[in-house]
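Here the structure is laid out as structure tokens; the discussion comes afterwards.
Numbers here simply count residues along the sequence, with the first being 1.
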Amino acid sequence: MLQSLHIENMAIIAALDVDFTDGLLAVTGETGAGKSVMIDSLLFLLGGKPRRDLLRHGTERGLVSAVFCDVGEAATAYLREVGLLDEGEAPEELLLQRTLDGNGKTAARLNGRVLSQTLLRELSKYLVSIHGQNDNQLFMHPATQLSMLDGVAALGGVLDAYRALYQKRSALLRQKSELTRDSAEKMRLCDILRFQIAEIDAVKLKVGEEEALLARRTKLQYAEKIAKGTSFAYHVLLGSEKASAALILERAAAALSSISGAVPEAEELAARLKSIGYEVEDIANTARDFGEEVDGDPTEALNQTEARLDTISKLQRKYGAEIADILAFRAEAAGKLQQMDNADEVLAALEREIKATEKELYRLAADAHAARVAAAKQLDGQIAEELAFLDMPAVRFEIAVRDTGVLTPDGTDEVRFMISTNKGEALMPLDRVASGGELARVTLAMRGVLNDRDGVGMAVFDEVDTGISGKTSRKIGIKLAEMGKKMQVLCVTHSAQIASLATTHYKISKHEQEGRTVATVLPLDAAGREGEVARILGGIDVTETTRRAAAEMIDEGRAFR
């Protein structure tokens with residue numbers, strides 16, 4: 001449910017805040033007052049592409065934010081799935097925000113966390129269902145009709161399993177295509193693979209070799225300094241026959257040991273000096289080894305090391321940043337070459353796997369088809385009943401599910417919504433028969449049937465009364481009011497018959513402020529509501545007669561709210 005909406009610097013809306021109730025919410029106002037801007041702003045918030053003129057002229061940044069509460073299990077499950085909620089966590093409220101700058105760049109956040117456009121659009125499907133004239137046109141597309149049917153069909157995990165297997169088949173077909181490319185291209189690719197493998201093999205790389213070479217290069221660059229330093233250290237610690245540190249420590253230890261009879265503590269000191277002497281000898285020998293690590297001419301050794309590193313660097317530029325990456329490239333190239341050398345065997349194995357995959361795909365597609373047919377039969381009567389109430393008594397409605405036998409990402413079915421609006425006429429595809437008003441009623445009927453099944457807590461209908469007469473508008477309003485008992489319904493309308501049935505009636509109006517046009521939205525009290533319904537009924541002049549008629553319509557509407 002949409003709890004509140006804030007719009008800032010969008011078209012004629014400088015700043016607008018609206019708190020919404022539950023039930024059927026009607027939004028009315030003069031033409032051009034800003035109703036479309038409010039809906040466009042809501043669409044933008046929910047991931048829609050912003051129009052160039054949506055940002056208010058003269059401003060650098062627009063903002064739309066909304067607070068949603070009681071978002072439902074489907075939205076909560078999705079938020080957990082994508083890591084926006086912890087397992088077991090349920091949100092009390094969701095604060096959704098989206099900004100638009102002068103360069104057309106947008107940014108979205110959910111409860112302060114950055115939200116990608118993909119996540120925003122997916123999440124929106126669980127929060128709000130929007131139905132406008134453009135959505136009605138989209139409703140006529142077979143892909144949309146298939147998706148709506150699948151929302152009702154008891155498919156279980158069949159469609160998910162089918163789609164996963166379909167992706168596997170697509171990958172297998174790509175492999176087959178690579179293997180069956182023309183012979184000249186295959187020979188060229190084989191030659192390239194052989195050259196790459198030979199180039200890598202010639203160098204005889206080892207994992208960790210580069211690190212060892214870099215360390216050796218550093219030592220060779222400082223070979224003379226290392227030799228002098230280690231030689232000096234060895235000489236003063238152990239190498240001097242007369243005054244080395246080891247010799248001095250040995251003599252000191254002997255001197256202390258000689259007085260241990262008179263001073264017992266001296267023996268412990270002598271032992272400590274001997275231990276230090278052993279440590280000095282070890283340090284001296286280790287330092288000497290450092291100086292002896294470079295055999296022969298250091299300059300020649302450095303040149304050889306640099307040459308090896310340069311060879312490795314050339315391979316890295318071609319095949320990977322690390323030696324492990326180069327060896328992995330070589331293994332992959334060898335696998336491709338072997339596959340191409342054994343193309344006939346591999347191709348036969350691939351074809352067997354493709355056939356097995358397609359057999360399972362057709363089985364899953366048949367299960368999906370059966371579920372769709374059952375759901376279509378169930379919906380046919382329900383939608384026809386809804387349409388009959390909406391002043392289409394002679395209508396026949398049928399969801400045609402045809403198994404084409406062609407594997408697609410959604411199965412093998414083609415789904416078309418078929419309708420006959422007049423007695424004696426044959427069923428025809430919805431897009432070839434329905435007028436704007438009829439299409440709006442079919443959309444509303446479908447929405448009413450799906451109301452309890454898709455887990456969406458709010459539906460928005462933008463001018464659902466377009467092209468519809470007063471009596472039918474009243475019936476549409478009754479259906480919207482019935483929907484409003486189970487979910488929040490926001491309806492932007494020019495119809496008094498619909499507005500008078502609303503649980504809460506909002507009026508959007510515009511006025512001039514500091515030389516600019518601004519729009520405001522306010523909930524109407526009883527008197528204001530009566531006046532607004534009378535305005536819609538009466539047109540230019542609002543008379544007592546139209547006021548009384550408005551009051552009667554509002555009073556009558558209480559039975560449906």
Side-chain angles (χ1 to χ4, degrees), residues 86 196-334:
D86 294 331
Q196 291 171 335
I197 292 169
E199 187 177 30
I200 294 170
D201 287 348
V203 180
K204 298 179 181 178
L205 294 170
K206 294 179 182 177
V207 175
E209 179 184 4
E210 185 181 15
E211 291 78 4
L213 287 168
L214 289 170
R216 178 172 172 76
R217 181 176 68 179
T218 301
K219 284 185 178 181
L220 289 169
Q221 289 171 336
Y222 294 94
E224 185 177 349
K225 190 173 183 179
I226 291 171
K228 288 181 179 179
T230 56
S231 175
F232 176 79
Y234 179 79
H235 179 75
V236 299
L237 292 175
L238 187 61
S240 175
E241 295 181 358
K242 294 182 179 180
S244 68
L247 180 61
I248 292 169
L249 289 168
E250 183 182 353
R251 289 176 178 174
L256 288 171
S257 184
S258 68
I259 64 171
S260 60
V263 184
E265 294 86 348
E267 189 60 40
E268 181 186 352
L269 294 175
R272 288 169 63 185
L273 285 173
K274 287 179 182 179
S275 177
I276 294 171
Y278 297 145
E279 183 69 16
V280 167
E281 286 184 23
D282 183 64
I283 292 171
N285 289 323
T286 303
R288 181 183 58 187
D289 292 341
F290 288 160
E292 294 176 353
E293 283 184 0
V294 180
D295 296 328
D297 183 1
T299 302
E300 179 61 27
L302 179 61
N303 289 338
Q304 291 175 359
T305 302
E306 293 280 14
R308 179 68 176 173
L309 284 169
D310 184 60
T311 299
I312 293 172
S313 177
K314 288 177 180 177
L315 291 181
Q316 287 173 328
R317 287 195 292 271
K318 289 183 180 181
Y319 306 119
E322 305 291 338
I323 288 178
D325 298 331
I326 297 171
L327 294 175
F329 181 93
R330 191 260 181 220
E332 185 179 352

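The two residues A246 and V280 come nearest to each other via the heavy atoms N-CG1, 4.3 Å. The nearest pair of heavy atoms linking A287 to A233 is CB-CB, 4.4 Å. Closest heavy-atom contact between K204 and E209: O-OE1, 4.1 Å. In terms of heavy-atom proximity, I323 sits nearest to I312 at CG1-CG2, 4.2 Å. Looking at every heavy atom in both residues, A255 comes nearest to S258 through O-OG, 2.5 Å.
In this structure, CD on E279 lies 11.0 Å from CG on L237, to the nearest 0.5 angstrom. Rounding to the nearest 0.5 Å places CG of L327 at 13.0 Å from CD of E332. Rounding to the nearest 0.5 Å places CZ of R330 at 12.5 Å from CG of L315. Rounded to the nearest 0.5 angstrom, T230 OG1 and N285 CG are separated by 12.0 Å. Atoms CZ and CG, from R308 and N303 in turn, are 16.0 Å apart once rounded to the nearest 0.5 Å.
Contact of the E210 side chain with the L213 side chain is not registered, since no non-hydrogen atoms from C-beta on lie closer than 4.5 Å. Counting only heavy atoms from C-beta outward, the side chains of K225 and K228 never approach each other to under 4.5 Å. S257 has its side chain within reach of E267: a pair of non-hydrogen atoms, C-beta onward, lies under 4.5 Å apart. Between L205 and I326 there is a side-chain heavy-atom pair separated by less than 4.5 Å. At a threshold of 4.5 Å between non-hydrogen side-chain atoms, the residues K318 and E199 count as touching. Residues Y319 and I200 meet the side-chain proximity criterion, which asks for heavy atoms closer than 4.5 Å. Annotation: side chain of R288 is not in contact with side chain of L238 (no heavy-atom distance under 4.5 Å).
The environment of CD in Q221 is crowded: more than 12 heavy-atom neighbours from other residues, nucleotides or ligands sit within 6.0 Å. For E281, the CD atom counts as densely surrounded, since its 6.0 Å shell holds more than 12 non-hydrogen atoms of other residues, nucleotides or ligands. More than 12 heavy atoms of other residues, nucleotides or ligands lie within 6.0 Å of CD in E306, so this atom counts as buried by the packing criterion.
Counting only distance, with no hydrogens or angles, the side chain of S275 and the backbone of A271 share no donor-acceptor pair below 3.5 Å. No donor-acceptor pair closer than 3.5 Å links the side chain of Q316 to the backbone N or O of E322. E250 places no side-chain N or O within donor-acceptor distance of the main-chain N or O of L247, the cut-off being under 3.5 Å. When atom types are taken as modelled, the side chain of S313 and the backbone of L309 share no donor-acceptor pair closer than 3.5 angstrom. Between the side chain of S260 and the backbone N or O of L256 there is no donor-acceptor pair closer than 3.5 Å.
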